Amino acid sequence: MATVSLARLCHQLHRTTPRPPIPAVTSGHPRPTLRCRRHLSSSLVLCSASQPAAPQGDSSAAGSGGGSSIVGGLLDYLNESWTQFHATAEAKRQLIDAGFHLLNENEEWILQPGRRYFFTRNMSCLVAFAVGERYEVGSGFHPYIWIAQLTKMASSQIWKQHLIPLLSIKPEETSTDSKEKEGDASLKGVHHPLLLQVLSEEVGCDADDIVSIELNLCDTQPSCLGGGNNEFIFSGRLDNLASSYCALRALIDSCEVPGDLSSEHAIRMVALFDNEEVGSDSFQGAGAPTMFQAMRRIIHSLARRNVDEDAVERAIRKSFLVSADMAHGVHPNFTDKHEEHHRPEMQKGLVIKHNANQRYATSGITAFLFKEVGRIRGLPTQDFAVRNDMGCGSTIGPILASGVGIRTVDCGIPQLSMHSVREVCGKEDVDTAYQHFKAFYEGFSEVDRRLVIDY
């Protein structure tokens, strides 16, 4: 089942009343049930009867490396994030609740060491960062995790052309008698009156008040746990909301209490981009200079004086980028589609991606640094290289590595059914990814200091 889902043009910072979970639904067998937040309809039956997500403080559900599980939080995030706009709004809410300060790109930034900040762009791109208390001009932006992207949706124009009949507006049919009639024709001539009526009722306005729309079709089935031991997560939009949530939580938790940034010289950052699946070349995509502009503005604001270009260049050289995008796990029925020694398995840790044609930006050095951070915390990793007689997808890693000149590693959580309406990944891999990102924020600076490459 699908429904039209729309994002309001304002992000609500706080909910007025908590939304209750739907009643647990059983399958008729004496098995535990999953409680899953669901807002579009409370009458839908869940896809499976499974165990409730463990509380945030329950360490028994943690993946490799110890610590509490974030799987319950991920399910909630997925069920809140129907589109890139919803995902950004929910990330924004979590950052504000955690004490991050909202910045505006149109205003001057006055930043201070030891503080945490974030900004949004187009309501579908978000950048958050925490400044180390021992920051000095020229220090790197590392650990530096950039996640692409919030949702892997085709553009709304593509959805519209395939699913909504369009009525072409001929010049001779457009009235120029009044501005009111001209405005009417420009919208009503394109969209069916019934669609405008449905949307106006949802947002609580007159149909004539809607001047522009951007729509996505969304599966209404909620995300949930499943499998014989509830070891899998079944959901749409795992690619790439799972990576986004793991990095967001890792940043928040790495600097949640006083003292977490006391010995940090660098700036910890996460960026959630839009439009990766259609090339990233947009105002809110990774192809825009958002990353470089943010770095430059942060350096200048913290310096409280004009700094030469050398300070920015030194900061970039000391920085490190983790491009986290879901990986293709090996399908048990099609193992021949993978190289024999490059078959990523679910529940075995993050996948580090390699490609000789630079479809991934990983190098021997960046792979070592990322693995070393995990090895210190006892976290597993896997390696993947596509078969040399098959094509290879790409990520924003090469875009940012070549466009900015920053060290980069490409990695991802292994999954099945990528880009389908119901994707699958391992529950343990989500916790492992969160722990690896958090370890990267907390320990990369020390690991990086011990490695000298250019001398």
Side-chain angles (χ1 to χ4, degrees), residues 1-20 22 37-44 78-93 96 102 104-107 119-126 150-151 153-222 236-237 274-275 278 282-285:
M1 184 186 340
T3 186
V4 174
S5 177
L6 65 156
R8 299 175 186 271
L9 292 180
C10 60
H11 288 172
Q12 296 180 356
L13 303 188
H14 301 282
R15 299 190 182 95
T16 55
T17 57
R19 294 167 172 170
I22 68 170
R37 294 202 296 180
R38 180 76 185 93
H39 310 319
L40 291 182
S41 171
S42 60
S43 61
L44 295 176
L78 290 167
N79 289 328
E80 292 284 356
S81 304
W82 302 101
T83 69
Q84 60 269 48
F85 303 108
H86 293 84
T88 304
E90 177 60 17
K92 177 179 179 179
R93 183 193 66 79
I96 289 177
L102 175 62
N104 189 323
E105 284 194 281
N106 297 325
E107 299 174 355
F119 67 89
T120 65
R121 175 178 288 194
N122 191 56
M123 299 183 300
S124 63
C125 170
L126 182 147
L150 281 168
T151 52
M153 299 279 189
S155 71
S156 59
Q157 184 66 23
I158 294 176
W159 284 112
K160 184 174 64 177
Q161 289 175 346
H162 282 272
L163 300 171
I164 302 175
L166 298 181
L167 177 62
S168 175
I169 305 174
K170 299 179 181 179
E172 60 270 20
E173 295 177 351
T174 303
S175 173
T176 57
D177 292 343
S178 67
K179 292 183 178 179
E180 181 179 352
K181 290 183 179 180
E182 184 178 31
D184 250 7
S186 64
L187 190 63
K188 291 184 177 178
V190 175
H191 302 291
H192 197 283
L194 180 59
L195 173 62
L196 297 178
Q197 177 186 337
V198 171
L199 295 179
S200 65
E201 290 174 355
E202 283 290 325
V203 300
C205 69
D206 293 332
D208 292 340
D209 294 333
I210 302 177
V211 296
S212 182
I213 59 178
E214 186 167 340
L215 304 176
N216 287 294
L217 289 179
C218 303
D219 178 30
T220 60
Q221 186 81 354
R237 308 175 301 282
D274 194 4
N275 299 135
V278 291
S282 67
F283 173 68
Q284 61 273 6

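All values below come from the heavy atoms of this structure, side chains included, with hydrogens, waters and symmetry mates left out. In this text, all values refer to a predicted model and were calculated from it rather than measured experimentally.
- Using a distance-only test at 3.5 Å, with no hydrogens or angles considered, a donor-acceptor pair links the side chain of N104 to the main chain of N106.
- Considering CZ of F85 and OG1 of T120, their distance stands at 11.0 Å, rounded to 0.5 Å.
- Using a 4.5 Å heavy-atom threshold, the side chains of L215 and L195 count as touching.
- R237 contributes atom CZ, which lies 9.0 Å from atom OG1 of T83 (distance to the nearest 0.5 angstrom).
- Here the side chains of K92 and L102 are in contact, with some heavy-atom distance below 4.5 Å.
- Atom SG of C205 is separated from atom CD1 of I210 by 4.5 Å, given to the nearest 0.5 angstrom.
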Given side-chain contact (heavy atoms from CB on, under 4.5 Å), test N122 with Q84 step by step and report yes or no.
CA-CA 10 Å; N122 191 56; Q84 60 269 48; over 6 Å; no

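- Residue S200 comes nearest to A207 through the heavy atom pair CB-N, 3.7 Å, listed as atom of the first residue, atom of the second, then distance.
- A distance of 11.5 Å separates CD in E202 from CD in Q197, rounded to the nearest 0.5 Å.
- Closest non-hydrogen pair, L126 versus A91, comes out as CD1-CB, 4.0 Å.
- Atom CD of E90 is separated from atom CG of N79 by 10.5 Å, given to the nearest 0.5 angstrom.
- Atoms CG and CD, from D206 and E201 in turn, are 11.0 Å apart once rounded to the nearest 0.5 Å.
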